[in-house]
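Reviewing the structure listed below.
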Amino acid sequence: MAENPSNPGPTERPLHFIESLIEADNASQRWGLADDSGLPRVHTRFPPEPNGYLHIGHAKSICLNFGLAKKYSGRFNLRFDDTNPAKEEQEYVDSIKRDVKWLGGDFDDGPNAGGVFYASNYFDEMYEFAKELILKGKAYVCELSAEEVGKRRGSPTVPATSPYRDRPIEESMRLFREMKIGRFPNGSKTLRAKIDLASPNFNLRDPVMYRIVHESHHNTGDKWCLYPMYDWAHGLEDSLEGITHSICTLEFENHRPLYDWFMNSINEGRTPDGSGPWGRIVHHSQQIEFAKLQLTYTVLSKRNLLRMVNEKLVRGWDDPRMPTISAIRRRGFTSRAVRAFADEVGCTKTESVIDIGRLENAVRHDLNKHAPRTMSVLRPLKVTIENWPEGKTDELDFVVNPEDPSAGTRKVSFGREIYIEQEDFMETPPKKFFRLAPGQEVRLRWAYFITCTGVEKDAGGNIVAVRATYDPATRGGDAPVGPDGKPTKKVKGTIHWVGAHNAIEAEVRLFDRLFAAEAPGERTGKWEDDLNPNSLEVITAKLDPALASAAPGDTFQFERLGYFCVDPDAAAGKLVFNRTMTLKDAWAKEAGREANG
RNA sequence: UGGGGAUUGGUGUAACGGUAGCACGACUGACUCUGACUCAGUUAGUCUAGGUUCAAAUCCUAGAUCCCCAGCCA
């Protein structure tokens, strides 16, 4: 993760609203001082439910939460909010840990590590707190079925009802204990908070705190058949971990009154020194909501991503076309680029949709600085240099990364037969086409100037090969210098090439956006209708032989084409590359303009 | 027809009663052995209507539009 020291890093940007809030808290020492650093306490967390793979939207949250801990010398926890055994799996726990770590969220290592936690490890404490609420007359066991509760829910102006609301405390206590030891079937009873059945905020209409689920849990096994609901559990998790700023997305704004009600109810009757019947006051974190990330040309919901995987619309969770963290990692995005992107798009309460181009640019920007270059040809066209001797080769210097002088140079081998890109040749070129054409001279990068002398076609009239002559005075790609010290000739175009005598072949997977519409599903109501049929093209390319030793995950720029990385599918003797991202292409734009008049 | 939020160029995002700024995109141009990168310039905005004020994106009033909420999901 070492940044180039010559890179000044991200420029100063103004504080966003959460940072302002934290700085105000720090100034007033609202959360006290940390024992180790003596600095104002800042403790954040990322609390995923392990029921799916993390995606780029989660990345924004991870970068936000970890970034705040880092910025204010605080701590960052990874916490699995695993309160629903029916949906959660160990596979997801493992993938989430890997993805958070990859993004730089160092939850268990380094100065900001807070640790990894599981809501399910707090079930005993939560159970005790629940009994306290029953004792305080703030919770009761309800025997309405889910269906009946629905019917009795009321409307914005009509209150809800429950016939069990005023049952004696002792009775609720007895039933709650019996719920815990498995005496009742699923759905037969719940523990409900006694708040306000007439509240216009439905979350306060006596919400369920516990439901009975006879199902094995990935962490606690069969110890429990009683599972806490999100609203009840979440504030307690934050409290137990000493979280200062409990950051979540906008849809939880309506839940904040409930979050606070639970904490205030627990603290009712508690004292700072623990005197009195209920003990010491517990920590009450502040919930803060921000707008989650939305992207053009992208579907970002766990439910729909799961469908894409299950219905085999993609090859899996880590199909490089997916917006999951594991997919973009496989595709070759760097976590550095994702972090820069997350920082650039900011953090507000405005629900905005970010142009996917911003993410793509962040990746280009990062890889431009770091990716070694190669010359590789995706769609080969053979060129024979007629005035180059048969069998002779020439070893020429190639600059590994012009953006990074320390990367140095290496050799590339030139010969009588080479491959160039099909689209770098036109028999009848338009005006601003600076590449190879009959009678037209171009530079072969780092090699020689060549002039096209002829075209070979098959019976169908398709171009199958090209003939050319080279200028021996241009070795290395430099035009000869005249007596005045100036180049004697200039060419407008420089194209890449690879020697036919030593090129290696590899599978290359060309990805395009998974969706062809800016807002998938907007047109017909079904995002499936906007799937891009051309989101994957697999070709066999002619590569720079230096790539023969590349290992999975290695990233390169194929000059003039884009960034490519080795896919894990690669095996000994069988290279597979993913196209991470194309380069910007001003010529494509120009050519498109000409085509459209 | 209840409650909770939001609204500034094409897209994001600042400005917290005192010159509407920045980034991305787009468009020009410069540079270039990657039609890349980089650099310079241009473009374009305060949801609407009233009001307060010397002065309003900011304060007040009324309205408009969009998002969230009636899971024993999170």
Side-chain angles (χ1 to χ4, degrees), chain A residues 11-16 20 47-49 51 81-84 86-88 119 142 144-147 149-150 152-158 160 186-192 198-205 207-213 227 229-231 233-234 248-257 289 291 296 302-303 344-355 357-358 361-362 364-365 368-369 373 375 399 402-403 432-435 442-447 449 474 476-479 491-496 557-562 582-591:
Chain A
T11 48
E12 283 302 311
R13 60 152 173 77
L15 299 183
H16 58 64
S20 304
E49 183 187 14
N51 67 344
D81 208 357
D82 52 356
T83 57
N84 186 352
K87 292 184 170 182
E88 297 152 8
C142 181
L144 255 19
S145 70
E147 193 189 348
V149 170
R152 290 166 169 265
R153 183 133 6 234
S155 71
T157 48
V158 178
N186 288 354
S188 59
K189 290 177 177 53
T190 58
L191 183 71
R192 289 229 253 168
S199 175
N201 181 348
F202 276 73
N203 294 129
L204 299 177
R205 314 256 269 218
V208 171
M209 295 166 64
Y210 279 96
R211 77 284 213 188
I212 297 170
V213 183
Y227 289 92
M229 298 287 290
Y230 166 86
D231 288 300
H234 207 85
C248 61
T249 47
L250 250 28
E251 65 266 33
F252 291 101
E253 261 175 326
N254 294 333
H255 295 243
R256 186 168 9 111
E289 310 87 12
T296 57
K302 281 189 189 172
R303 193 178 141 265
E344 276 167 31
V345 300
C347 175
T348 67
K349 299 191 71 153
T350 308
E351 290 189 55
S352 52
V353 182
I354 307 296
D355 187 337
R358 294 288 287 259
N361 281 338
R364 289 190 182 103
H365 188 77
N368 176 53
K369 283 276 182 291
R373 313 280 115 141
M375 290 195 290
V399 175
E403 300 283 331
K432 291 185 197 160
F433 186 81
F434 304 137
R435 286 110 100 142
V442 292
R443 170 189 293 115
L444 293 176
R445 188 156 160 86
W446 306 119
F449 289 12
T474 57
D478 296 307
V491 286
K492 274 292 259 187
T494 299
I495 64 175
H496 61 279
Q557 184 190 107
F558 291 4
E559 288 199 328
R560 302 209 306 130
L561 296 172
T582 58
L583 254 32
K584 280 193 196 163
D585 189 349
W587 167 245
K589 201 181 281 184
E590 179 69 31

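Throughout, a chain's letter reflects where its sequence line sits, starting with A, and its residues are numbered from 1.
Contacts of A:Glu253 classified as side-chain hydrogen bond (donor to acceptor under 3.5 Å, both in side chains), with partners at least two apart in sequence or in another chain: A:Lys349. Partners of A:Arg153 according to the side-chain hydrogen bond (donor to acceptor under 3.5 Å, both in side chains) rule, which considers only residues two or more places apart in sequence or in another chain, do not exist here. Under the side-chain contact (heavy atoms from CB on, under 4.5 Å) criterion, A:Ala146 pairs with no residue at all, not counting sequence neighbours. Partners of A:Phe252 by side-chain contact (heavy atoms from CB on, under 4.5 Å), not counting sequence neighbours, listed by chain and number: A:Tyr230, A:Cys248, A:Thr249, A:His255, A:Gln287. By the ring pair (Phe, Tyr, Trp, His ring centres under 6.0 Å) test, A:Phe558 pairs with A:Phe564, A:Phe577, sequence neighbours left out. Residues satisfying the side-chain contact (heavy atoms from CB on, under 4.5 Å) criterion with A:Asn361, sequence neighbours excluded, are A:Arg364, A:Lys584. Under the side-chain hydrogen bond (donor to acceptor under 3.5 Å, both in side chains) criterion, A:Tyr210 pairs with A:Trp232, not counting sequence neighbours. When the side-chain contact (heavy atoms from CB on, under 4.5 Å) test is applied to A:Leu144, the partners found at least two apart in sequence or on another chain are A:Cys142, A:Glu148, A:Val149, A:Arg152, A:Ser162, A:Pro163, A:Tyr164, A:Arg192. In this structure, the side-chain hydrogen bond (donor to acceptor under 3.5 Å, both in side chains) partners of A:Asn51, at least two apart in sequence or on a different chain, are A:Glu49, A:Lys302.
Contacts of A:Glu289 with the nucleic acid, taken as non-hydrogen atoms under 4.0 Å apart, are absent.
Donor-acceptor pairing under 3.5 Å, judged by distance alone, is present between the side chain of A:Arg435 and the base of B:rG35.
Here B:rC37 is the nucleotide among B:rC37, B:rG35, B:rG5 with the atom lying nearest to any side-chain atom of A:Asn368.
Under the 6.0 Å cut-off for aromatic ring centres, A:Phe434 and A:Trp587 do not qualify, their centroids lying 6.0 Å or more apart.
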Report all interatomic pairs (protein N or O, nucleotide N or O of nucleotides 69-73 of chain B) with separations under 3.5 Å.
{"unit_1": "B:rC69", "atom_1": "O4'", "unit_2": "A:Asn254", "atom_2": "ND2", "d": "3.3"}
{"unit_1": "B:rA70", "atom_1": "O3'", "unit_2": "A:Arg153", "atom_2": "NE", "d": "3.4"}
{"unit_1": "B:rA70", "atom_1": "O2'", "unit_2": "A:Arg153", "atom_2": "NE", "d": "2.3"}
{"unit_1": "B:rC72", "atom_1": "OP1", "unit_2": "A:Arg153", "atom_2": "NH2", "d": "3.1"}
{"unit_1": "B:rC72", "atom_1": "N3", "unit_2": "A:Gly187", "atom_2": "O", "d": "3.2"}
{"unit_1": "B:rC72", "atom_1": "N4", "unit_2": "A:Leu144", "atom_2": "O", "d": "2.4"}
{"unit_1": "B:rC72", "atom_1": "N4", "unit_2": "A:Ala146", "atom_2": "N", "d": "3.0"}
{"unit_1": "B:rC72", "atom_1": "N4", "unit_2": "A:Gly187", "atom_2": "O", "d": "3.0"}
{"unit_1": "B:rC73", "atom_1": "OP2", "unit_2": "A:Arg211", "atom_2": "NE", "d": "3.1"}
{"unit_1": "B:rC73", "atom_1": "OP2", "unit_2": "A:Arg211", "atom_2": "NH2", "d": "3.0"}
{"unit_1": "B:rC73", "atom_1": "O3'", "unit_2": "A:Arg211", "atom_2": "NH2", "d": "3.1"}
{"unit_1": "B:rC73", "atom_1": "O2'", "unit_2": "A:Asn84", "atom_2": "ND2", "d": "3.2"}
{"unit_1": "B:rC73", "atom_1": "O2'", "unit_2": "A:Lys87", "atom_2": "NZ", "d": "3.2"}

A correct dot-bracket answer for RNA chain B, with pairs being Watson-Crick or G-U at under 3.5 Å, [ ] for crossing pairs and | for inter-strand pairs, is .((((((..((((....[..)))).(((((.......)))))....(((((..]....))))))))))).....

Reading nucleotides 12-21 of chain B from 5' to 3' and marking B where a protein heavy atom lies under 4.0 Å of the base, S where only the sugar-phosphate is that close, and - otherwise, the string is SSS-------

